[in-house]
S.K.: 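This is the structure, below, for whatever I ask next.
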Amino acid sequence: MKSKLLGILLVLVMIVSLIGCSSDKDTSTSSDKSSDKKDIKVGIAMPTKSLERWNRDGAYLKEQFEALGYKAELTYSDNKSDQQVNDIQNLIADKVNLLVIVAIDGESLTTVLKDAKDQNIPVIAYDRLIMNTDATSYYVSFDNYTVGKLQGEYIENTLDLANAGDKTYNIELTAGDPADNNAGFFYNGAVDVLKPYIDKGTLKVVSGQTEFEEVATPAWDTATALDRMQNILASYYADGTQLDVCLCSNDSTALGVTQAVDSDYAGSNWPLITGQDGDVANLKNLLDGKQSMTVYKAVANEAVVTVALAKEILAGNKPDSSLTSQFKCECTYDTTSYDNGTGIIPSYLLVPDVVTNDNYKEKLVDTGYYKVGSDGYLTAD
Ligand code: BGC
């Protein structure tokens, strides 16, 4: 028992020292472990284990809740929306006191969350906003529009588009899952930067596919992004047309696009490829020069903010902007950007960061998020 406690404390100390966002209040673990906490249970509903980041998010949240003395039940729903509804129903039946949910389909939780509300179970939408339900109390995420903006600006700056003169570049666009409310924010953030250059002709989308619906990738699936890119390469680039840029909204789609370029692109150049998340496979591509950047979101910090918020809600408080002063990382309280169809959901938004081959050591290794493995590539273990 003593060693288990020690283990938990060690995890907490590791988390607190690893990340830039420890909450001032979370460090006082002895009082936090008061007996009134041990009967409080938090339900955490994650989408899938098949996309790397959700494994990290789930583990961080569970560890941090447990380190504070709460019970935590964690579910993964294999990216199947019906299964997630079932899993949430079971968490409610298990009498959880609070739910933290990453929605697989933001539009499909209205009914199950009515049950949560009827039973006074507060809901935190984690990373993805849950739509059309007044049961969502708060939203914790990164600034999703900025994620896309950073991808667009990376392309703009790397190609020096503002000074391109008559020079033109060919680009293809790959966005995320239409069922994920974030996907539109990412895409719009990037396209708002790139559109003036597309309109001017500096950037040319050779396939002509620019509407979100045409470029979206259901379930953020790597194989779907790969297939679509292979089709585009076969239809528009087989004659030797040069492909200069692939905007990809995240790393799972970037992985598919990179594979397609690797196997099916006839040109001798390698296009710029963007991403998001810092998945291990993509960081390997980054080091190999195949992916140009990833927008890194320190999900350990997202967990810190969520746990601190949950703690306040469970204590019967109504958290507001003052909560942000506890955090050692930048976090804004936003009451204008995220309307889920029933009104604005108060949001705590963290700040994403650009990682490239030039700065990955400083951003990812020196910060302790990743280690350099014996093969020279980054590992999260
Ligand atoms: C997250 C991204 C992630 C994507 C696919 C989005 O909601 O914000 O970080 O890449 O889902 O899992």
Side-chain angles (χ1 to χ4, degrees), residues 44-61 76-81 84 100-109 124-131 136 139-151 174-190 212 215-225 247-258 273-283 285-286 291 293-303 305-306 337-338 340 345 347-355 369 380:
I44 306 165
M46 288 282 137
T48 172
K49 290 195 162 187
S50 69
L51 292 173
E52 188 182 313
R53 68 159 289 186
W54 306 119
N55 296 281
R56 279 201 294 271
D57 293 84
Y60 283 132
L61 283 164
Y76 285 89
S77 311
D78 200 18
N79 248 351
K80 298 191 178 94
S81 185
Q84 188 170 51
V100 176
I101 299 174
V102 181
I104 293 168
D105 179 343
E107 307 272 350
S108 70
L109 299 180
I124 298 177
Y126 183 87
D127 202 83
R128 301 174 176 171
L129 189 59
I130 309 171
M131 308 304 289
T136 311
Y139 178 45
V140 178
S141 194
F142 281 79
D143 181 336
N144 296 301
Y145 182 85
T146 297
V147 169
K149 188 164 168 258
L150 291 173
Q151 294 168 337
T174 301
D177 183 354
D180 177 350
N181 188 60
N182 289 353
F185 280 88
F186 300 147
Y187 191 62
N188 291 338
F212 175 75
V215 305
T217 312
W220 295 94
D221 183 47
T222 298
T224 306
L247 169 79
C248 298
S249 284
N250 86 330
D251 278 356
S252 62
T253 53
L255 210 56
V257 165
T258 302
I273 299 179
T274 66
Q276 164 188 198
D277 286 335
D279 287 352
V280 166
N282 298 75
L283 293 174
N285 283 344
L286 192 98
Q291 184 169 322
M293 62 90 82
T294 189
V295 177
Y296 185 67
K297 305 190 296 191
V299 295
N301 293 347
E302 204 171 355
V305 171
T306 304
S337 304
Y338 290 97
N340 82 340
I345 306 300
S347 307
Y348 292 92
L349 301 177
L350 292 145
V351 181
D353 206 2
V354 171
V355 170
Y369 292 126

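Numbers here are sequence positions counted from 1. Any value given below was found using the heavy atoms of this structure, including those in side chains, with hydrogens, waters and symmetry copies removed. In listed order, ligands and their atoms are each counted from 1.
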S.K.: Starting from atom 4 (C) of ligand 1, locate the nearest protein heavy atom and write down its residue, its atom name and how far away it is, to 0.1 Å.
M.R.: Trp220 CE2, 3.5 Å
S.K.: With a cutoff of 4.0 Å, is Phe142 in contact with ligand 1, counting heavy atoms of the residue only?
M.R.: no
S.K.: With heavy-atom distances below 4.0 Å as the criterion, list the atoms of ligand 1 near Asn250.
M.R.: 3 (C), 4 (C), 5 (C), 10 (O)
S.K.: Does Asn182, backbone or side chain, put an N or O under 3.5 Å from an N or O of ligand 1?
M.R.: yes
S.K.: Give yes or no for whether the N/O distance cutoff of 3.5 Å, strictly under, is met between Ser252 and ligand 1.
M.R.: no
S.K.: Between Trp54 and Tyr126, how do the two ring planes meet: parallel, tilted or perpendicular, split at 30° and 60°?
M.R.: perpendicular
S.K.: Taking only heavy atoms of Asp180 into account, list the atoms of ligand 1 that are under 4.0 Å away from them.
M.R.: 6 (C), 7 (O), 11 (O)
S.K.: Could you list the atoms of ligand 1 found under 4.0 angstrom from a heavy atom of Leu51?
M.R.: 5 (C), 12 (O)
S.K.: Would you call Gln276 and Leu150 a side-chain contact if the rule is heavy atoms closer than 4.5 Å?
M.R.: no
S.K.: What protein heavy atom sits nearest atom 9 (O) of ligand 1, and how far off is it?
M.R.: Asp277 OD1, 2.7 Å
S.K.: Can you tell me how the ring of Tyr139 sits relative to the ring of Tyr338, calling it parallel under 30°, perpendicular over 60° and tilted otherwise?
M.R.: perpendicular
S.K.: With a 4.0 Å heavy-atom cut-off (strictly under), which part of Phe186 contacts ligand 1: side chain, backbone, both or neither?
M.R.: side chain
S.K.: I'd like to know if the side chain of Ser81 pairs up with that of Ser108 as donor and acceptor (distance under 3.5 Å, no hydrogens or angles considered).
M.R.: yes
S.K.: Scan Val147, Leu350, Val351, Asp353 and name whichever one has a side-chain contact (heavy atoms from CB on, under 4.5 Å) with Lys297.
M.R.: Val147
S.K.: So which heavy atom in the protein is nearest atom 1 (C) of ligand 1, and how far is it from that ligand atom?
M.R.: Asp127 OD2, 3.2 Å
S.K.: Under 4.0 Å from a heavy atom of Arg128: which atoms of ligand 1 are those, numbered in the order shown and with their elements?
M.R.: 4 (C), 5 (C), 6 (C), 7 (O), 11 (O), 12 (O)
S.K.: Side chains of Trp220 and Asn250: do they bring a donor and an acceptor to under 3.5 Å?
M.R.: no
S.K.: Please determine whether salt bridge (charged side-chain N to carboxylate O under 4.0 Å, His left out) holds for the pair Asp127 and Arg53, giving the CA-CA distance in whole Å, both sets of side-chain angles, and the decisive distance to 0.1 Å.
M.R.: CA-CA 11 Å; Asp127 202 83; Arg53 68 159 289 186; 3.0 Å; yes
S.K.: At a 4.0 Å threshold, what atoms of ligand 1 neighbour a non-hydrogen atom of Lys297?
M.R.: 1 (C), 2 (C), 8 (O), 9 (O)
S.K.: What is the closest protein heavy atom to atom 12 (O) of ligand 1, and at what distance does it sit?
M.R.: Trp54 NE1, 3.0 Å
S.K.: Do Thr294 and Asn282 have side chains that get closer than 4.5 Å, going by heavy atoms?
M.R.: no
S.K.: Are Gln84 and Ile101 close enough that some pair of their side-chain heavy atoms sits under 4.5 Å apart?
M.R.: yes
